[in-house]
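Note on naming: letters A, B, ... go to the chains in the order of the sequence lines (proteins, then strands), and numbering restarts at 1 for each one.
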Amino acid sequence: MPELPEVESVVRQLAPRLRGRRLREVELLDPRLRRADFRPALGGTVERVIRIGKQVEIRLRETRGCGNIRLLCHLRMTGRLVWLARDETPRETRHLRARLRFDGGELLFIDPRRFGTLRFVPEGCEAPAAGLEPLSRACTPVRLSGLLARSRQELKPWLLRQDRLVGIGNIYASEIAFRARLHPRRTAGSLRPEEVRRLHQAVRSVLRRAIRFGGTTFSDFADVSGRSGRFYAMLAVYDREGRLCRRCRTPIVRFVQQQRSTYCCPRCQPLRRLGMLVASSRARETR
DNA sequence: ATTATATCCTGATCGC
DNA sequence: TGCGATCAGGATATAA
C-alpha cells in the first residue's frame, strides 16, 4: 500500500497532532514487535514528524539525558497509523499491533499482515546509506543519469529499488513509466539523455500530484483519520488492464515482472524506438 | 557484483 | 454457501 505519497500524506496529518506531545507509554501487542526497545523514548517530547523514504520518523527530544530518539515506523504493505484524540474511541481495533500513548491522545499502529516495523533508534546510530529522495533538490537529471548508468535491470524493477531512489513502489513505478512514455522492460542503463530527462520529470510530477490528492487507496490504505486517498481515480495505467489508455485509447496491458504486476500502454510506451519499428516494417515490405 | 527468487503474514477475491 | 487456490501496494536474506 503505502509508497512515498501515502506516507507523506500520513506524515503531514500526523505532524501537527503530535508535535510537542510527550510520549507516556508504549504497548506492543504483536510479538513480532517485541524486540523494539522503547524504554529510552518514554518521556520524550515530539520534536518533528517527517518522512524518510517510505518510513515515518517521529523524532523525540529526550529529557533524561539519554539523547534524542528516532521512532521509525515502516508501514510495509498494510500498516496504518491512526491518531486517536483523548476521549475518541477507535472505530476499528482489529489488527491493532501497538499503541503509543501521548499526552492528550494516542497513536495506534494497525497492521493486518504484520509486515510493518517499529524501531526506536538513538540519534547518531544512523542507518546504512539509502537511496536518493526523488523530491529533494539533490535529485537532478544528472544525478538520476548517474544512478541509472550501466544498470542492466529492466526499468520498472529498477524503479522499485530503494537503494537508488527511495519511495517508489509498485503502483507509482507503472505510473511513472507511463508518464515518461518508457516501456517498463526497457533496460534502465540504456536510456538516452532525452529519456532520462523525461523519467526525471515523470518521477517528480507523478509523486507530487499523488501527494496533492492524498495518495492512492487501492484496497486498504487510509490516512490518519481513516479517510482514503483520492488518487486512485487518477491512475493512468495501474489496475486498468483492458481499459483504454487515457491518452491514445489503446487497451492497457498487464504483465508480470519479478512476480509483480506491471501495467502499461503498448502504444504510448513502445519497447523499441518508433524509427526502428518503421525501419523493421520497411525491411519486411522489401523482402 | 548484480539480479532473481523465496519468504515473512493475513485477508479478500475468484473459480468450482 | 463453502472451499481451496491465488493474489495483494514491501523489503530482505539467500541463491544463481
Side-chain angles (χ1 to χ4, degrees), chain A residues 1-10 28-36 51-56 72-81 92-98 109-119 127-131 134 146-178 184-190 206-207 210-211 213-223 228-242 254-264:
Chain A
M1 164 210 1
E3 307 179 35
L4 184 150
E6 290 73 35
V7 179
E8 183 66 30
S9 302
V10 167
L28 302 176
L29 302 155
D30 184 344
R32 282 176 66 99
L33 299 174
R34 289 274 160 78
R35 295 180 334 124
R51 176 190 60 75
I52 301 174
K54 294 178 189 171
Q55 299 199 71
V56 176
L72 287 166
C73 178
H74 199 311
L75 305 169
R76 295 285 178 100
M77 301 280 253
T78 53
R80 287 174 53 197
L81 287 172
E92 175 72 73
T93 53
R94 218 156 60 115
H95 309 129
L96 182 61
R97 306 303 180 199
F109 179 47
I110 295 167
D111 184 17
R113 245 169 119 178
R114 300 166 66 206
F115 287 159
T117 59
L118 271 186
R119 292 181 300 149
L147 292 172
L148 287 161
R150 288 177 300 283
S151 170
R152 290 129 76 83
Q153 221 167 1
E154 295 181 333
L155 176 62
K156 192 260 189 164
W158 188 91
L159 286 169
L160 298 176
R161 295 183 56 161
Q162 303 301 301
D163 61 336
R164 293 296 185 268
L165 290 179
V166 294
I168 299 169
N170 208 40
I171 294 179
Y172 296 110
S174 282
E175 293 297 308
I176 287 165
F178 172 80
R185 287 204 204 280
R186 284 288 303 277
T187 300
S190 77
V206 167
L207 296 178
I211 291 171
F213 282 88
T216 303
T217 294
F218 185 66
S219 49
D220 49 11
F221 171 68
D223 67 21
S228 51
R230 290 155 290 139
F231 196 71
Y232 184 81
M234 314 296 289
L235 294 175
V237 289
Y238 188 85
D239 203 30
R240 285 175 52 82
E241 182 180 19
R254 183 187 86 93
F255 53 95
V256 173
Q257 287 177 290
Q258 291 190 172
Q259 278 112 253
R260 322 185 80 88
S261 292
T262 298
Y263 298 83
C264 80

> Pairing of DNA chain C as dot-bracket, 5' to 3': ( ) intra-strand, [ ] crossing, | other strand, . unpaired, with Watson-Crick or G-U pairs under 3.5 Å?
Replying inline: .|||||||.|||||||
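- Rounded to whole Å, the distance from CD on Q153(A) to P on dA16(C) is 19 Å.
- Considering every non-hydrogen atom in both G169(A) and K54(A), the closest pair reads CA-NZ, 3.7 Å.
- By the side chain to side chain contact (heavy atoms under 4.5 Å, CB included) test, R152(A) is found to be paired with no residue, residues two or more places apart in sequence or in another chain being considered.
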> Checking side chain to side chain contact (heavy atoms under 4.5 Å, CB included) for the pair I211(A)/F231(A): CA distance, chi angles, key distance, verdict?
Replying inline: CA-CA 8 Å; I211(A) 291 171; F231(A) 196 71; over 6 Å; no
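- As a whole-Å value, the separation of L160(A) CG from dA8(C) P is 13 Å.
- dA11(C) atom C1' lies 15 Å from atom CG of L72(A), rounded to whole Å.
- Whole-Å rounding puts the Q257(A) CD to dA4(B) P distance at 10 Å.
- Rounding to the nearest 0.5 angstrom, the gap separating the CG atom in L28(A) from the CZ atom in R34(A) is 6.5 Å.
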> Going through the distances and angles, do L118(A) and F109(A) end up as a side chain to side chain contact (heavy atoms under 4.5 Å, CB included)?
Replying inline: CA-CA 9 Å; L118(A) 271 186; F109(A) 179 47; 4.2 Å; yes
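- Considering every non-hydrogen atom in both Q55(A) and H74(A), the closest pair reads CG-CD2, 3.5 Å.
- R161(A) comes within contact range of the sugar-phosphate backbone alone, with a heavy-atom separation under 4.0 Å but no base atom that close.
- At the heavy-atom level, R254(A) lies under 4.0 Å from the strands shown only through sugar-phosphate atoms.
- Taking atom CG of L4(A) as the reference point, atom P of dA11(C) lies 11 Å away to the nearest angstrom.
- Sparse packing is recorded around CZ of R150(A), with 12 or fewer heavy atoms of other residues, nucleotides or ligands lying under 6.0 Å away.
- Atoms CG (L159(A)) and C1' (dG10(C)) sit 15 Å apart, rounded to a whole Å.
- Counting to the nearest Å, the P atom of dG10(C) and the CD1 atom of I168(A) are 11 Å from each other.
- When the P atom is compared between dA11(C) and dA12(B), the two are found 23 Å apart, to the nearest whole Å.
- Counting all heavy atoms, side chain and backbone alike, T78(A) lies closest to R113(A) at OG1-N, 3.0 Å.
- Distance R152(A) CZ to dA1(B) C1': 11 Å, rounded to the nearest Å.
- Picking from dT3(B), dA8(C), dG10(C) the nucleotide with the shortest atom distance to the side chain of S151(A) gives dT3(B).
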>> Base contacts versus sugar-phosphate-only contacts with protein, heavy atoms under 4.0 Å: please encode nucleotides 6-13 of chain B as B, S and - from 5' to 3'.
In response: B-BBBS--
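- Proximity of a side-chain donor or acceptor of R97(A) to a complementary backbone N or O of D111(A) within less than 3.5 Å is detected.
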